[in-house]
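There's a structure below that I have some questions on.
In this text, all values refer to a predicted model and were calculated from it rather than measured experimentally.
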Amino acid sequence: MPMATTPTVAGGKLLRSASAIVASKESGQHVLEISGYSSIKDAVSTSNCVQSRPFRVGGHGWYIRYYPNGFNSNVSDCISIYLVLDGHDYYYGGPIVRAELTLSLLDQEREPVTSYIYSHGLQIFDGYGRYRGSPRFIQKAVLERSEYLRDSRFTIRCDITVMKNPEAKDVEERVTLPPSDLARHLGGLLATGVGADVTFEVDGKTFLAHRSVLAARSPVFHQELFSLTEKGNAATGGAGVIIRVDDMEAQDFEALLHFMYTDSLPEMKGGDAAAMLPDLVATANRYKMERLRLVCEDKLREYVTVRTVAAMLAFAGEHHCPELKKKCLQLLEDPANLRKIVETEGLEHLTKSYPFVLKDLIAMFATKP
């Protein structure tokens, strides 16, 4: 009966190690400029070539062969281009090199010409076949009439990706980290009030908070909280500074604090969300909290309908919500939706109540092609 293997134990201590078999590849480019095209064509006969300077990719040496009058007599009307594996260290039956190859004619901006890109896919280079390429890269007559040949010069690019041999590498065992619990801990401070040093009175309710947290989240709170204590303008009590906030409902301020401590909005049901989100956008602008404004704006986009679009569009213009405005205008691009709104709201009511809406609609239709 075979015995199960167990981890190696030395002196009562479990020894752990890990490795991985890794497949890798390396890519490179070589740009070859043919300068003096006519002279080279006259000097080099069919089946003969001129070689580029050698270059290295993937640990191997390479060069490009340029046949100005074709690789052989069958393609003597064309230019032939081949990529060659440098064969000094290779022999028949020797190492095999696998590589993907693309040969391209470049325009005057050094960008590949779509009609003359030759992707050869995965190629095998070894002692039996060390070169791969395009025997009919481009007809000489076509090149000579084209804009790609200028001042008797043109450019070729070779893109090569070499598939390197798989190899074993040591792998450090990774410790799986739990998700961040910072928001949970800060939310606990808000919920318990432990260490609170500022009290807010809002709409008949009191809220305990921590000046350092609020100051870090909002530049307005930073200015208000620390300037108040420095100037002695705030009342003090058991939780330090006491501040009264007017013109805000308690539920909105509670949601604001929740976001400041947890970077998330409290749970809100459909009707509550539709009512609170516009107030929170205004609150975010008031306290210069751009992330809160963006989160609320994104959620408000879900409530854009034919029934709400006029009010939403007016709100977006007043409170600088470009994504909400875009959503509204997309809905209004449909003439059927526009007719429903006019029938429901009445054109006169729309004109008086939502002047921004008509302005945006006029601008939208004026810029359409």
Side-chain angles (χ1 to χ4, degrees), residues 183-184 186-187 190-191 200-207 209 214 217-218 220-221 245-364:
R184 181 171 62 85
L186 289 179
L190 177 63
F200 290 92
E201 295 181 351
V202 186
D203 192 26
K205 292 187 178 181
T206 59
F207 298 92
L214 304 188
R217 298 287 277 158
S218 163
V220 174
F221 271 128
V245 178
D246 297 318
D247 304 324
M248 187 179 296
E249 294 185 7
Q251 64 175 5
D252 295 336
F253 192 80
E254 185 175 12
L256 170 66
L257 289 180
H258 186 278
F259 186 87
M260 298 183 88
Y261 279 78
T262 67
D263 206 40
S264 65
L265 293 175
E267 290 186 14
M268 294 182 285
K269 297 181 180 179
D272 294 336
M276 283 184 63
L277 287 171
D279 293 338
L280 287 177
V281 169
T283 299
N285 287 332
R286 174 176 176 175
Y287 290 106
K288 296 184 179 179
M289 296 179 62
E290 180 64 8
R291 178 171 168 75
L292 174 59
R293 187 193 67 76
L294 290 172
V295 169
C296 294
E297 180 183 4
D298 183 61
K299 288 187 174 295
L300 273 174
R301 285 161 48 89
E302 301 173 9
Y303 296 93
V304 176
T305 65
V306 172
R307 185 174 58 83
T308 65
V309 67
M312 287 284 196
L313 186 55
F315 178 85
E318 184 179 352
H319 293 274
H320 312 292
C321 298
E323 293 304 315
L324 179 60
K325 177 179 177 179
K326 184 189 297 184
K327 176 76 173 184
C328 294
L329 291 176
Q330 287 173 349
L331 185 142
L332 292 174
E333 284 181 345
D334 186 341
N337 290 336
L338 195 54
R339 277 196 300 272
K340 286 182 183 178
I341 295 165
V342 173
E343 290 171 2
T344 303
E345 298 282 349
L347 185 58
E348 186 175 348
H349 174 70
L350 279 172
T351 306
K352 292 181 179 179
S353 301
Y354 305 113
F356 281 117
V357 173
L358 293 180
K359 179 181 177 182
D360 289 331
L361 285 175
I362 292 170
M364 178 181 70

field: Single hit among Met312, Lys327, Glu323 for side-chain contact (heavy atoms from CB on, under 4.5 Å) with Leu300
entry: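 Among Met312, Lys327, Glu323, the one that satisfies the side-chain contact (heavy atoms from CB on, under 4.5 Å) with Leu300 is Met312.
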
- prompt: Are Phe200 and Phe221 close enough that their ring centres sit under 6.0 Å apart?
  reply: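 Under 6.0 Å, so yes.
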
- request: Check ring pair (Phe, Tyr, Trp, His ring centres under 6.0 Å) between His319 and all other residues, then give those that pass, not counting sequence neighbours.
  value: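 Here the qualifying residues are Phe315.
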
task: List in chain and number order the residues that pass salt bridge (Lys or Arg N to Asp or Glu O under 4.0 Å) with Arg184, two or more places apart in sequence or in another chain; answer none if no residue qualifies.
output: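 Arg184 satisfies salt bridge (Lys or Arg N to Asp or Glu O under 4.0 Å) with Asp181 only.
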
What donor-acceptor contacts under 3.5 angstrom involve side-chain atoms of residues 245-254, with partners at least two apart or in another chain?
unit_1	atom_1	unit_2	atom_2	d
Asp246	OD1	Arg244	NE	3.3
Glu249	OE1	Gln251	NE2	3.4

Step-by-step side-chain contact (heavy atoms from CB on, under 4.5 Å) determination, Gln330 to Val304: CA-CA 10 Å; Gln330 287 173 349; Val304 176; over 6 Å; no

- prompt: Is there a side-chain contact between Met268 and Leu277, using heavy atoms and a 4.5 Å cut-off?
  reply: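 A side-chain contact exists here, since the closest heavy-atom pair is under 4.5 Å.
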
- prompt: Can you name the nearest heavy-atom pair linking Pro322 to Glu297, along with the distance?
  reply: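 The pair with the smallest heavy-atom distance is N-OE2, 3.3 Å.
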
query: Rounded to the nearest 0.5 Å, how far apart are SG of Cys321 and CZ of Arg293?
result: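 It is 5.0 Å, given to the nearest 0.5 Å.
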
message: Can you give me the closest heavy-atom contact between Ala273 and Pro278, atom names plus distance?
response: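 Looking at all heavy atoms of both residues, the shortest contact is O-CD, 4.3 Å.
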
query: Would you say Thr305 and Leu331 make side-chain contact, with heavy atoms under 4.5 Å?
result: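 Heavy-atom side-chain distance check fails, nothing below 4.5 Å.
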
message: Ignoring hydrogens, what is the shortest heavy-atom contact between Leu186 and Tyr261? Give both atom names and the distance.
response: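 Here Leu186 and Tyr261 meet closest at O-CD2, 3.1 Å.
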
task: Look up atom CZ in Arg286 and atom CG in Leu280, then write down how far apart they are to the nearest 0.5 Å.
output: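 Arg286 atom CZ to Leu280 atom CG measures 12.5 Å (nearest 0.5 Å).
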
task: Decide yes or no for Leu324 and Val281: does some side-chain heavy atom of the first lie under 4.5 Å from some side-chain heavy atom of the second?
output: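 Leu324 vs Val281: side chains apart.
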
- request: Using atom types as modelled and distance alone, determine if a side-chain donor or acceptor of Thr262 lies under 3.5 Å from a backbone N or O of His258.
  value: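 Judged by distance alone, yes, a pair lies under 3.5 Å.
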
message: One pair to check against side-chain contact (heavy atoms from CB on, under 4.5 Å): Met289 and Phe259. What are the steps and the verdict?
response: CA-CA 10 Å; Met289 296 179 62; Phe259 186 87; 3.9 Å; yes

message: Glu201: which residues meet the salt bridge (Lys or Arg N to Asp or Glu O under 4.0 Å) condition with it, sequence neighbours left out?
response: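 Testing Glu201 for salt bridge (Lys or Arg N to Asp or Glu O under 4.0 Å), a comparison that skips the adjacent residues, returns none.
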
query: CG/Asp279 to CE/Met276 distance, rounded to the nearest 0.5 angstrom?
result: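 Spacing of CG (Asp279) from CE (Met276) equals 7.5 Å.
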
Qualifying residues under salt bridge (Lys or Arg N to Asp or Glu O under 4.0 Å), relative to Asp263, sequence neighbours excluded: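 Asp263 satisfies salt bridge (Lys or Arg N to Asp or Glu O under 4.0 Å) with Arg217, Arg291 only.
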
- prompt: Once you round to the nearest 0.5 Å, how far does CD of Glu290 lie from CG of Asn285?
  reply: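 It is 7.5 Å, given to the nearest 0.5 Å.
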
task: Identify, with sequence neighbours excluded, every residue that meets salt bridge (Lys or Arg N to Asp or Glu O under 4.0 Å) alongside Glu267.
output: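 Applying salt bridge (Lys or Arg N to Asp or Glu O under 4.0 Å) to Glu267 gives none.
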
field: Nearest-0.5 Å distance, OG of residue Ser218 to CG of residue Leu292
entry: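 Taking OG in Ser218 and CG in Leu292, the distance rounds to 10.0 Å.
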
task: Indicate yes or no: at least one non-hydrogen side-chain atom of Leu265 is less than 4.5 angstrom from one of Lys299.
output: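 The answer is yes, as the side chains (C-beta and beyond) meet within the 4.5 Å cut-off.
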
